[in-house]
J.: 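Input: one structure, supplied below.
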Amino acid sequence: MQAYRASLLRFDAAGQPVFDTDGLLVVGPDAAGRQRVLDAGDFGTVSARHPGLAVTHWPGRVLAPGFVDMHIHYPQTDIIGAPSEGLLPWLENYTFPAEARFADPAHSAEVAEFFLDELMRNGVTTALTFATSHPQSVEAFFEASKRRQLRMITGKVLQDRHSPDGVRDRTEQSLTDTEALIRRWHGVDRLGYAITPRFAPTSTDAQLRGAGELAAAYPDTWIHSHVAENKDEVKWARELFPKARSYLDVYLGFGLMRERAVYAHCIHFDDDDRRLMRDTGAATAVSPTSNLFLGSGFFDFEGAERIGYRHGLASDVGGGTSFSPFSTMLAAYYVGREGQTKPGVSIAPSQLWWQHTGGAAHALGLEGVIGNLQPGCEADFLVLNPKATPLLARKTALAGNLEELLFAMIVLGDDRLVERTVVSQAV
Ligand code: GUN
Ligand code: ZN
């Protein structure tokens, strides 16, 4: 058992923040040897429950849950910041050529290691990430994540049409490969498999149907795709699938809407689409830096709240411009102002933070497992130093309440704020 004394940020069942200025986090192995939070709260109260326990004291630091990135592309690490007119030319000119290189297992392994280092430096302890259409890209990512004992989710991209040589796969083989990867990796340690059709325009009906059949056969796998990101993409999807009520409805028709189905973007939606998300339990990975960078549009946070469907934050690197959850939360704050009808200053800082931790975990169907520091959660946590830079030190010292403290970190924070990223180990 280990105990850490510092300020402590957690969330209650309603997603509201719980903050102990002088807190104690007690961590220890469960019956299977996996390190979990055993106790958490005010130092005086919690330490009295564990007499004699040795305590590591981190004065001036904040312990917080590891961030959860709901949508990212590890193979796009090298194309971050590639300028383009919009999504479709960006895919053609930068993304597909970069992804073609992942046919090489050595390249996949090298990028996977760099990517995981970068996530750790930025305090992201779980990500739902695209791989590429090459099974070896998935193998490399799972191998690297397993060695680090991380909770990570990925899958082979399915794209058997409208894709160039080098990334296009073959329908039958792609489904056989997907099933083999599910059997080999899903549920190994903390790894999970996501059935990953790139987006409807790059899959044939047969491939989407096969993906839906696999999603039914393996109901606790994830489904991971993109929808309604960009106006040209929406137009193209409508031309390709004229019978569907909407672009999102295409996925419903192939059995790809259920809990643990995660769709990035969901910008160009109407309320019927939002109700479909709610009624199926599917989730949106809101990717504001990507949407601003590629000029895709603005996610409707109020619409998501009004209808009440699962959503959380994501970087979408390489469309997104930063691995840092602080950048993503700040961009979400900007986007939340767009089209805002309710009074107030966009989304509250604690709610931005929730959407990148416990709320994202809930959207992924991993509530109570990650994204929080309540007893029972896996012990993935961060040691934040609010004095990491002169400006952060000055600004956080002036914070008069929790929202002001969190907002100072969101606006001014980057990887320097993350002093340590602690990953739950199996002991
Ligand atoms: N739609 C289809 N593929 C992609 C991708 O790689 N990135 C983004 N942002 N959108 C996509
Ligand atoms: Zn994406």
Side-chain angles (χ1 to χ4, degrees), residues 67-75 119 124-133 135 137-139 141-142 145-146 150-159 174-175 177-200 203 207-227 248 251-252 254-266 276-278 280-287 309-316 355-371 378 380:
F67 288 107
V68 176
D69 191 330
M70 284 187 67
H71 172 74
I72 187 167
H73 299 247
Y74 99 80
L119 289 189
V124 177
T125 47
T126 291
L128 169 59
T129 179
F130 265 56
T132 66
S133 56
S137 72
V138 177
E139 294 283 349
F141 186 79
F142 277 141
S145 302
K146 184 176 186 329
L150 288 161
R151 183 171 281 288
M152 290 285 159
I153 310 167
T154 194
K156 183 204 120 54
V157 177
L158 300 166
Q159 52 179 125
S174 72
L175 299 169
D177 287 344
T178 297
E179 185 159 25
L181 287 165
I182 293 171
R183 287 170 175 263
R184 182 163 151 75
W185 286 107
H186 185 65
V188 171
D189 297 345
R190 294 205 288 165
L191 306 175
Y193 194 87
I195 297 163
T196 308
R198 176 162 219 119
F199 62 159
S203 286
Q207 193 176 50
L208 292 171
R209 197 173 309 113
E213 285 164 8
L214 286 169
Y218 298 94
D220 65 345
T221 57
W222 282 264
I223 297 166
H224 191 192
S225 192
H226 299 93
V227 73
L248 184 67
Y251 294 115
L252 180 71
F254 289 107
L256 292 166
M257 296 287 292
R258 62 155 164 73
E259 285 189 17
R260 294 194 170 195
V262 178
Y263 288 92
H265 310 303
C266 305
L276 185 53
M277 295 294 292
R278 180 194 62 200
T280 57
T284 296
V286 184
S287 309
Y309 70 89
R310 294 174 194 229
H311 59 287
L313 295 179
S315 66
D316 191 31
Q355 287 187 27
H356 223 338
T357 53
H362 169 71
L364 289 174
L366 291 171
E367 196 172 15
V369 180
I370 53 165
E378 293 171 353
D380 294 328

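All residue numbers refer to positions in the sequence shown, counting from 1.
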J.: Quick check: closest heavy atoms across Ala211 and Leu158, and the distance to 0.1 Å?
T.: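 Looking at all heavy atoms of both residues, the shortest contact is CB-CD1, 3.9 Å.
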J.: Mind listing the closest non-hydrogen atom pair of Gly155 and Val138 along with its distance?
T.: C-CG2, 3.6 Å
J.: Holding to ring pair (Phe, Tyr, Trp, His ring centres under 6.0 Å), I want the full list of residues that pass it with His356, two or more places apart in sequence or in another chain.
T.: Phe67
J.: Quick check on ring pair (Phe, Tyr, Trp, His ring centres under 6.0 Å): which of Phe142, Phe141, Phe130 does Tyr74 satisfy it with?
T.: Phe141
J.: What residues, two or more places apart in sequence or in another chain, satisfy ring pair (Phe, Tyr, Trp, His ring centres under 6.0 Å) together with Phe199?
T.: none
J.: Considering residues at least two apart in sequence or located in another chain, which fulfil the side chain to side chain donor-acceptor pair (under 3.5 Å) criterion with Thr132?
T.: His134, Ser137
J.: For Glu259, enumerate each residue passing the side chain to side chain donor-acceptor pair (under 3.5 Å) test, keeping only those at least two apart in sequence or located in another chain.
T.: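 In terms of side chain to side chain donor-acceptor pair (under 3.5 Å), with neighbours along the sequence ignored, Glu259 is linked to no residue.
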J.: Using the salt bridge (charged side-chain N to carboxylate O under 4.0 Å, His left out) criterion, which residues pair with Arg190? Sequence neighbours excluded.
T.: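 Glu378, Asp380.
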J.: How close do Met70 and Ala360 get, counting heavy atoms only, and between which atoms?
T.: CG-CB, 3.7 Å
J.: Taking side chain to side chain contact (heavy atoms under 4.5 Å, CB included) as the test, write out the residues that go with His362, two or more places apart.
T.: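 If we apply the side chain to side chain contact (heavy atoms under 4.5 Å, CB included) test to His362, skipping adjacent residues, the hits are Arg310, Glu367.
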J.: Please report the interatomic distance CD1(Ile182) to CD1(Ile195), rounded to the nearest 0.5 Å.
T.: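 Here the rounded value is 4.5 Å.
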J.: Kindly give the heavy-atom pair with the smallest separation between Ala361 and Val68, and that separation in Å.
T.: N-CG1, 4.4 Å
J.: Among residues at least two apart in sequence or on other chains, which ones pass side chain to side chain contact (heavy atoms under 4.5 Å, CB included) with Asp220?
T.: His186, Arg260
J.: What distance separates Leu208 CG from Tyr251 OH, expressed to the nearest 0.5 Å?
T.: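 Answer rounded to 0.5 Å: 7.5 Å.
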J.: Quick check for you: to the nearest 0.5 Å, what is the distance between Phe254 atom CZ and Glu213 atom CD?
T.: 10.5 Å
J.: So how far is it from Thr154 OG1 to His73 NE2, rounded to the nearest 0.5 Å?
T.: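 Reported value, rounded in 0.5 Å steps: 10.0 Å.
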J.: With sequence neighbours left out, what residues match Arg184 under side chain to side chain donor-acceptor pair (under 3.5 Å)?
T.: Glu139
J.: List in chain and number order the residues that pass side chain to side chain contact (heavy atoms under 4.5 Å, CB included) with Ala194, two or more places apart in sequence or in another chain; answer none if no residue qualifies.
T.: Leu128, Ile153, Thr196, Trp222, His224
J.: Report yes if the distance between the aromatic ring centroids of His71 and Tyr263 is under 6.0 Å, otherwise no.
T.: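 Not under 6.0 Å, so no.
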J.: Can you name the residues that form a salt bridge (charged side-chain N to carboxylate O under 4.0 Å, His left out) with Glu179, not counting sequence neighbours?
T.: Arg183
J.: Of all residues at least two apart in sequence or in a different chain, which pass the side chain to side chain donor-acceptor pair (under 3.5 Å) check with Ser174?
T.: Gln207
J.: Between atom OG1 of Thr125 and atom CG of Asp69, what is the distance when rounded to the nearest 0.5 Å?
T.: 10.5 Å
J.: Calculate, to the nearest 0.5 Å, the distance between atoms CG and SG belonging to Leu248 and Cys266 respectively.
T.: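 With rounding to 0.5 Å, CG (Leu248) is 6.5 Å from SG (Cys266).
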